[in-house]
Each structure stands twice: as C-alpha cells, then as structure tokens.
Amino acid sequence: MTVRHALTAPAIVVVCLLAVVAAGDELQKAILLHSYDRPSGVVDRVSPHERRLAGLRAVLPDSGIVGYTSAGLSKRGFASLEAMQDFFLTQYVLAPVIVVSRADLPLVVGDYGDSVDSASVGRAPPGYRVLLDLGNGVVLLGEEP
Amino acid sequence: MTAIATGVVLALPILIALAALRVWSPSPRGALEDLTLEMSLAIGIGLGVSSCFYFLWLILFGGSRLFVLVEAAVLAALLAAWIRRRRREPRPRSARVIRIPDTTQRGPRWIRPLLLVVFGLLIVVSTATFAARSAARPHGGWDATTIWNMRARFLFRGADQWRAAFSDQLGVWTHTDYPVLLPGSIARAWTAIGDDTTLVPALVAALFAAATVGLLVAAVTRLRGLDQGLMAGIVLLGSRTLARQGATQYADIPLGLFVLAALVSIALWQEESEQGPYLVLSGLCVGLAAWTKNEGLLFLLVFLLGFAYVSLGPRWNGPVSWRPLRPLAVGLLPVLALVVGFKWLIAPTNDLVAAFTPGDALRQLTDLERYALVAASFGMETYRFGGWLVSMPLVLSAYLLIIGLSPSARPRPALLLGAICLTLLLAGYFAVFVLSPHDLDWHLEVSLYRLILHVWPALLFLLFLMARGPGRALTRRMPAGGA
C-alpha cells in the first residue's frame with residue numbers, strides 16, 4: 001500500500017469536513033446578520049427608505065424625470081458613500097420615475113434625513129416651494145409659478 | 001395568496017422547458033439523476049427563454065399580462081405532444097446510449113452513506129443560510145437595488161414606458177446596457193401576478209442556485225457515478241459562494257449556471273453518441289449567458305473559438321465536420337439575435353467602452369504594474385476562494401493528487417472545450433481589468449470575486465470528470481474481492 005493509497009480515505013473525509021465547517025460558519029454569519037438587523041435597520045437600508053418615501057410615489061407621475069437634492073449632495077458631488085447610496089435607493093424606490101442628482105428640474109425630491117427638523121426641511125432653494133412635506137425629512141419641491 | 005401565484009407563475013416556464021426536453025429527448029429516462037438533470041436545465045432554460053419572450057412581448061404589446069395565456073397554451077400543447085409520445089413509445093430507450101457503470105459500488109460500504117449524509121446536511125445548511133440572508137436583505141445586495149431589481153421595477157411599473165429602464169439619464173452606475181435575463185424574469189413574474197413583491201427576486205435567485213447544484217451533481221453522477229456527483233456537490237455547497245451570492249440576487253450565479261449548462265450539454269451530447277437535443281441546448285445556454293451579463297458575451301466568443309478548435313479539428317470525430325454547427329446555431333441564433341437587437345437598438349453604450357480611448361489603452365497595456373496588480377489579485381482571490389480553514393484550491397489540488405486522475409477521463413473533446421473556454425474566459429477578464437478605465441484597486445475589489453463565480457461550477461464539473469471517483473480510488477488499495 002503506497003502513501004497515496006493510505007491518504008485516499010482521509011482526503012475524502014477532510015474535504016467533507018472542511019465543506020461542512022465552512023457551510024456551518026456561513027450559516028452562523030447569516031443568522032447573526034439576520035438577528036443584527038432586527039432592531040437597527042443597518043443591514044437592510046432599503047425597506048426603511050422605501051417606507052420613508054412611500055408618500056412620494058403616490059403623488060409623482062407615472063413616468064418622467066425628477067431632480068434630487070439632499071444634505072449630503074453639493075455641486076461637487078456626494079459628500080459620502082451613504083449620501084450616494086441614499087440617492088440610488090431613492091431611484092430604486094421611485095422607479096419608473098427617473099431621478100437625477102440635479103436641483104434645477106420642475107419637480108425635485110429633497111431628502112434631508114430623519115433627524116432634520118421641519119423648519120429646515122421647509123427651506124426650499126430659491127425659485128422653489130414645498131409641494132409636499134412627508135414630515136420625515138422628505139419633501140417634494142416644485143418650481144415657483 | 002401572493003406566494004401561491006408566484007409559485008405558479010415561476011413554475012410555468014420551467015414546466016414548458018421540462019416538457020420540451022421530454023418531447024425532444026431521444027432517450028428520456030426515469031433515474032433520479034436524469035430527472036434532476038432535466039429539471040435543473042429546465043429551470044435555467046425556462047426562466048431564460050421566458051425572459052426573452054417577455055421582453056419581446058413588452059416591445060410588441062407593452063405591459064399586458066396576456067403573455068401568461070400564450071405560455072399556458074404552449075405548455076398544454078407540449079404536454080399533449082409528450083403524452084402522445086409516451087403512448088406511442090411506452091418505454092423508450094436508446095440502444096446507442098453509452099452508460100458508464102457505477103464502479104463506485106465496489107468501494108467500501110461507508111463511503112456512500114457518508115457522502116449522502118454530508119451532501120444532505122449541506123443542502124439543509126445552505127438553504128437555511130440563503131433564507132436567513134434573504135430575510136435580512138429582502139431587496140438583495142447593492143447591485144440588485146441599483147441594477148437588476150431596479151431594472152425589473154422599471155419594466156414592471158413602467159409598462160408601456162419600459163424604455164425608461166435603459167435611459168442614459170440613469171447614469172453609469174446603474175449599467176443600463178446590461179442584458180435583461182434577470183430583470184426580465186423578475187418583471188415577467190411581477191407583471192403576471194400584478195405585484196412587485198420581494199418574494200419573486202428571492203425565489204428566482206433560489207431557483208438559479210438550486211439549478212446550479214442540481215445540474216452539477218446530476219451531470220457528474222450521470223457521467224461518473226453517484227459518489228463522484230455527491231463529491232462535486234459537496235465542494236460546491238461547501239464553498240460559501242452559492243448561498244451567500246445567491247441571496248444577493250445578482251446575475252453572477254445565473255451566468256455561472258449557463259456556463260456550466262453549455263459545457264454539460266456538450267459532454268452529454270458526446271456521451272449520447274452525438275444524438276438528441278443537447279447540442280441545441282448548448283447553443284441556447286451560450287446565448288442565454290450572453291442575455292444574462294456582458295461577461296456572457298465574452299463567454300459566447302470564447303465558446304465559439306473553443307468549439308471551432310475542437311469540432312473542426314481532428315480531435316472530435318476524426319475528419320473535419322461542420323455537422324455540429326447546425327444544431328448549435330439553432331439554439332444560439334434566436335437568443336443572439338435578441339441580444340444583438342437589444343445592444344444595437346435599445347441599450348446605451350457600456351461604461352467601459354464609452355471611457356475607452358486608444359491612448360489610454362496603449363498606456364495601460366504597456367504598464368507592467370497593472371499586470372502585476374491584476375495577477376496578484378487573481379492569485380490572492382483564487383487562494384482565498386471558498387473561505388475554507390485551509391485554502392480550498394490547495395486542498396482540492398492535494399485531493400486530486402491523492403485521488404488521481406481517472407484513466408478513462410471522458411468525453412475528452414468536451415473536457416478540452418471546457419478547459420479552453422474557462423482559460424480564455426479568465427484571460428479575457430484579466431485583459432478587461434488591465435484595460436479598465438476605473439480605479440484598478442476598486443474595480444478588482446468589487447468584481448473579481450464574482451467573476452470567479454462564473455467559472456466555478458463549470459470548473460468543478462471538469463475537475464470531477466477528470467478525477468478518479470472516491471469509491472474507485474478507495475477500491476484500488478483494497479484486497480481483491482474486498483467490500
């Protein structure tokens with residue numbers, strides 16, 4: 001019996017063991033991820049964002065382009081990765097309306113975050129007025145007539 | 001109620017594909033691996049072809065859901081044809097089918113129960129992992145919300161205004177030029193049930209992942225015996241990729257399935273004495289790969305190159321023959337026509353192509369540091385792939401060394417074709433990274449791992465076709481007549 005022959009059964013068992021350990025570890029991580037998200041909403045950022053913007057979908061047209069402005073967006077671009085993610089999540093929620101990161105369109109979505117008070121939310125850019133204030137940092141701005 | 005409707009709507013194209021396979025297969029069989037193989041192929045082909053049909057329907061008739069009636073009529077016609085065939089041929093068997101005897105039965109008694117228990121355990125654990133991840137992130141990962149599921153929302157919610165899904169106003173990060181198989185499958189089901197429930201993309205992802213496991217295990221079982229098929233399934237399920245990546249609802253697992261299915265179909269076509277629908281299926285799967293992701297277009301190219309090299313050279317069947325090209329084209333061309341039409345008439349320019357300039361390309365091609373960085377990343381990602389306690393590629397290399405190669409590794413042309421395809425595909429990915437207009441570190445970090453997934457199931461298929469079966473490897477050291 002050669003060494004190679006002697007190692008055949010252990011090789012099969014080792015591959016099986018490593019596969020089971022890796023899959024078990026992966027399951028543990030998945031369960032942690034699932035339980036972690038329950039109270040905080042950190043893992044799933046989409047569902048809370050969808051709830052925040054639900055009121056907008058009802059009033060926006062079925063198609064077309066709307067602008068987007070937020071506390072994390074300036075002329076130089078998005079201030080952070082989170083600000084950029086919020087923009088793309090807004091696009092995901094409001095599809096099939098196209099959302100562009102500009103504030104010079106007839107309709108503009110303003111997303112100022114949950115923590116912003118209503119006074120600052122109501123501070124529309126020059127030439128715009130608040131058409132709808134969802135009360136959670138999200139407003140719909142329209143051009144002044 | 002939504003769950004039932006979702007199940008019915010997703011089952012419809014899969015049943016159509018299954019019935020078509022049964023009607024056109026020259027030798028339908030009843031063994032479990034044959035049913036699993038057909039069902040796995042039917043999942044990929046059913047969802048893929050139905051997304052083509054849905055997209056054409058969207059172009060012609062807008063957001064009407066009447067396509068479901070057409071699909072139901074097709075299923076009824078195929079079932080009638082199948083029943084007619086069964087009545088005519090009660091127990092069809094092809095005399096020319098070559099079946100390799102399951103030599104693993106000569107192995108020790110513990111091997112099969114061990115493999116069955118481990119495989120069963122991994123199925124349960126992977127299903128639970130997929131479910132937990134899907135529950136934690138019901139909308140999928142980042143690319144699902146910016147690309148795949150978002151496009152599906154545009155198609156479903158936009159209805160007659162579906163072209164907005166491909167507007168260049170959406171920006172380069174949403175990759176509006178990507179093909180439509182995955183969003184089309186999801187939007188089709190949403191349109192049919194009238195609700196964009198998150199259940200649909202999760203179930204579609206689960207079906208593609210399950211089909212990948214089923215196809216790999218069933219194909220290796222059919223060609224090398226059950227023990228070898230189970231080993232292949234154990235490595236695939238144990239490599240941390242399927243459940244985790246499947247739950248992200250990205251298009252990488254579907255693309256990996258079509259790459260695998262194209263190569264499996266070629267191998268089965270050769271094993272079936274070059275009969276039956278498998279060459280058509282191979283062409284269809286190559287087309288569906290191109291309909292899934294842009295990387296599928298690269299696979300289409302390398303597959304055709306490899307197929308031409310293997311089939312038109314002296315390696316296939318002796319003399320040069322154009323004969324295999326016809327059935328391959330029958331499967332490939334309809335889907336390819338759709339892909340070309342989509343790319344030409346609807347999709348905006350790809351971001352990599354748009355940013356391409358000959359000057360930059362020349363500078364990048366002559367920058368040796370880029371090659372070194374890409375090569376190092378490929379090496380590191382390969383070394384870490386699978387997430388085992390010890391590097392999985394090293395373990396599998398050692399396993400192959402110990403177990404040994406099968407003295408009758410076959411079908412050889414299919415193995416050669418597979419090796420050519422996967423090597424050229426990875427070489428193509430390497431070149432794309434070298435020429436990438438994006439920040440190279442970032443580009444490698446966000447995509448390399450997923451690109452390896454495209455070849456992983458097919459690589460395991462080739463590996464376990466070449467390796468000696470576990471039962472046989474154990475038998476060779478036992479005394480004559482033992483166990």
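At a 4.5 Å heavy-atom cutoff, B:Leu236 makes no contact with chain A through either its backbone or its side chain. When heavy atoms are compared at a cutoff of 4.5 Å, B:Ile234 approaches chain A by way of both its backbone and its side chain. With a 4.5 angstrom heavy-atom cutoff, B:Gln169 touches chain A via backbone and side-chain atoms both. Contacts between B:Trp142 and chain A at a heavy-atom distance below 4.5 Å involve the side chain alone, from C-beta outward. Interface remark: B:Thr146 contributes side-chain atoms only to the contact with chain A (heavy atom separation under 4.5 Å). Proximity to chain A (any heavy atom under 4.5 Å) is restricted, for B:Val235, to the side chain, taken from C-beta onward.
At least one donor-acceptor pair closer than 3.5 Å links the side chain of B:Arg157 to the backbone N or O of A:Ala95. With hydrogens and angles ignored, the 3.5 Å screen pairs a side-chain donor or acceptor of B:Arg153 with a backbone N or O of A:Tyr92.
Side chains of A:Glu26 and B:Arg133 form a contact here, defined as non-hydrogen atoms less than 4.5 Å apart. Residues A:Ile12 and B:Met231 form a side-chain contact, since some pair of their non-hydrogen atoms from C-beta on lies under 4.5 Å apart. Contact annotation: the side chain of A:Lys29 approaches that of B:Arg240 to within less than 4.5 Å [non-hydrogen atoms, C-beta and beyond]. Residues B:Thr174 and A:Phe88 meet the side-chain proximity criterion, which asks for heavy atoms closer than 4.5 Å.
Of all heavy-atom pairs between A:Ala19 and B:Leu122, the closest is O-CD2, 3.7 Å. Heavy atoms only, all atoms of each residue included: A:Ile98 and B:Phe154 are closest at CG1-CE2, 4.0 Å. Shown here for B:Ala164 and A:Pro96, the closest heavy-atom pair between the two residues is CB-O, 4.3 Å.
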